[in-house]
Amino acid sequence: MRLSKAFQPTLKEVPAEAQIASHRLMLRAGLVRQTSSGIYAWLPAGLRVLRNIEQIIREEQDTIGAQEVLMPTLQSADLWRRSGRYDAYGPEMLRIQDRHGRELLYGPTNEEMITDIFGSSVSSYKQLPKALYHIQWKFRDEVRPRFGVMRGREFLMKDAYSFDADYQGAVNSYRRMMLSYLRIFQRLGVRAVPMVADTGPIGGDLSHEFLVLAPTGESGVFFDAALEEQDWLGRPVDCDNEEDLAAFFSSVTDHYAATDEKHDEAAWAEVPDDRKREGRGIEVGHIFYFGTKYTESMGIEVSGADGTKFSPHMGSYGVGVSRLVGAIIEASHDDAGIIWPDSVAPYKAAILNLRPGDEACDAICEEIYGADPENFMYDDRSERAGVKFNDADLMGHPWQIIVGPRGAKEGKVELKRRADGERFELPVAEALAKIGAA
Ligand code: ATP
Ligand code: MG
């Protein structure tokens, strides 16, 4: 993309309403604009980040055998009456009427709808297990929308649902999702630690929240450093093998990790002092086993091997896709702007032409840009160098390819790595190879 043609409305002023760094930076970098309280429009660069996150989630959910569907945002109130949640949900639910007076709602989550779809299509234990996910906008009329996309009213969620014949099957599904989530967050370039969470009336240990560490997080966190040192992508786990899944799962849950709500001083005291980590975290995901709560209340049954009917066991698994954009920035920025991890960055690099109109500069910039126009943001504007440097730092591209008249004469450019500011003076081909674009 050529910046002179792009819609990238950066702001110089720090917006007064934004209290935390990610919110300020998302507005200043022109990633989103608020259209009404807690509701945001995604502008081109922000949308590219959102799409990159979605894609990583898709790949990792597909890898564990989950299948993507897309359910609507509007749901019928009657569906929620079947589970008993229509009245129980409270004022966070946005309730709507159509022209015939039929009651609808804007989905805050999809347990009822997926249970209904599943139940009307599956009749035998032979069709289990199944895991389905979708990536769809949700609406929750939060009392206090704040911190930009972090706690919005309309927000993008990946929600998955598993159906199993029995408890052990559901445990296996839960463990596969735990693995998938750890891989997703690692690929996104954030450290998200799984922590025990409330299971409600179900009990047991099958509820975990994933928290990205950041000083502005809403929850206090306590965890064993062993959990941040692991390479989940490099670790082979056979997802069809119960023992393998169990070994993987205990390698996670054997280490202490809890938010302030579930913190247990006695268990914490057992963690060696040099491995104790305390801080704050942002909840970016939640996985949860809830047994037959929805299948039973909604009257969904399938027949078992001996012909007797039973209600399948379910779990649900959420990732806050739009919240993640804020959480990643919260965990990865400096005074000058965003520092995108490579995997989610809207563009791989910015090309900064310090002297547009100079023959050598223009030629080199066009050559580099031509190598990957889809993934480079070419700053071809007739602006001062300082403006270009500031904008590139603010936008957080992993690399800046700086093209000035002196180097250009010798066919050289300066590469700057955004994360640590390190600079390299290199011939064009070597520069492209270094950033993985050749
Ligand atoms: P929270 O405690 O932060 O309100 P929750 O427990 O209501 O979250 P879930 O119902 O588990 O959230 O939803 C799954 C994920 O969706 C959460 O882990 C979070 O990342 C994201 N999420 C929930 N509410 C919001 C919101 N208002 N804005 C943005 N993302 C959200
Ligand atoms: Mg909530």
Side-chain angles (χ1 to χ4, degrees), residues 20 22-23 26 31-32 34-40 42 46 49-50 53-54 57 61 73 80 85 88-94 106-114 133-161 174 177-178 180-182 184-185 188 190 192-200 202 206-214 216-221 258-262 280-290 293-294 314-331:
I20 62 170
S22 59
H23 190 192
M26 287 184 74
L31 304 184
V32 291
Q34 181 171 287
T35 59
S36 55
S37 169
I39 304 181
Y40 289 83
W42 290 78
V49 177
L50 208 56
I53 296 174
E54 285 179 29
I57 294 175
Q61 291 279 277
T73 52
W80 284 64
R85 275 213 292 184
Y89 209 90
E92 265 194 20
M93 182 187 277
L94 181 65
Y106 194 125
T109 178
N110 280 66
E111 280 83 4
E112 282 78 0
M113 189 176 275
I114 197 79
Y133 71 94
H134 76 157
I135 301 177
Q136 178 62 289
W137 295 91
K138 304 288 186 285
F139 194 94
R140 294 182 188 174
D141 205 350
E142 301 272 357
V143 206
R144 269 214 307 153
R146 59 187 184 142
F147 300 159
V149 300
M150 209 78 94
R151 185 167 296 285
R153 295 200 297 162
E154 188 183 47
F155 60 96
L156 189 59
M157 194 201 286
K158 186 285 302 182
D159 37 325
Y161 304 90
Y174 184 91
M177 281 290 175
M178 163 79 80
S180 180
Y181 274 41
L182 290 168
I184 287 168
F185 296 125
L188 293 176
V190 285
V193 181
M195 312 210 170
V196 286
D198 261 331
T199 47
I202 301 277
L206 296 181
S207 173
H208 285 86
E209 291 172 350
F210 293 76
L211 286 102
V212 167
L213 309 177
T216 45
E218 290 185 346
S219 317
V221 298
T259 60
D260 38 17
E261 279 174 19
K262 297 285 284 181
R280 303 203 64 79
I282 301 164
E283 181 194 324
V284 291
H286 190 177
I287 58 178
F288 196 84
Y289 162 73
F290 47 73
K293 179 175 169 186
Y294 295 97
M314 288 178 66
S316 81
Y317 314 90
V319 172
V321 182
S322 48
R323 176 180 288 183
L324 263 166
V325 180
I328 292 170
I329 296 174
E330 216 46 57

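Just so you know, ligand 1 is whichever comes first in the structure, and atom 1 is the first atom listed for that ligand.
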query: Quick one: does S322 get a heavy atom under 4.0 Å from ligand 1?
result: no
- prompt: With respect to atom 6 (O) of ligand 1, which of E92, E283, E209, R323 exhibits the smallest heavy-atom separation?
  reply: E283
- prompt: Does E92 come within less than 4.0 Å of K138, counting only side-chain N to carboxylate O?
  reply: no
- prompt: Going through the distances and angles, do I53 and I328 end up as a side-chain contact (heavy atoms from CB on, under 4.5 Å)?
  reply: CA-CA 11 Å; I53 296 174; I328 292 170; 4.0 Å; yes
message: Taking the side chain as everything from C-beta on, heavy atoms only, tell me whether W42 gets closer than 4.5 Å to V325.
response: yes
message: Which of the numbered atoms in ligand 1 are under 4.0 angstrom from any heavy atom belonging to M157?
response: 13 (O), 14 (C), 16 (O)
task: Out of H286, M150, R151, R140, indicate the one that has the non-hydrogen atom closest to atom 12 (O) of ligand 1.
output: R140
message: Before you tell me yes or no, could you show the steps for R85 and E111 under side-chain contact (heavy atoms from CB on, under 4.5 Å), namely the whole-Å CA-CA distance, both residues' side-chain angles and the distance that decides it to 0.1 Å?
response: CA-CA 10 Å; R85 275 213 292 184; E111 280 83 4; 3.0 Å; yes
task: Within a distance under 4.0 Å of any heavy atom of V149, pick out the atoms of ligand 1 and give their elements.
output: 29 (C)
task: Say whether G152, considering both its backbone and side-chain N or O atoms, lies within less than 3.5 Å of an N or O atom on ligand 1.
output: yes
- prompt: Taking atom CG of L324 and atom CD of E330, what is their separation to the nearest 0.5 Å?
  reply: 12.5 Å
- request: Would you tell me which option among F155, F139, F288, F210 has the nearest heavy-atom contact to atom 30 (N) of ligand 1?
  value: F155
query: In terms of ring plane angle, is the pair H286 and F288 parallel, tilted or perpendicular, where the classes change at 30° and 60°?
result: perpendicular
- prompt: Do the non-hydrogen side-chain atoms of H23 and R146 ever get within less than 4.5 Å of each other?
  reply: no
field: Numbered atoms and elements of ligand 1 in range of E142, under 4.0 angstrom, heavy atoms
entry: 24 (N), 26 (C), 27 (N)
field: Atoms in ligand 1 flagged as close to V284, the criterion being non-hydrogen separation under 4.0 Å
entry: 18 (O), 20 (O)
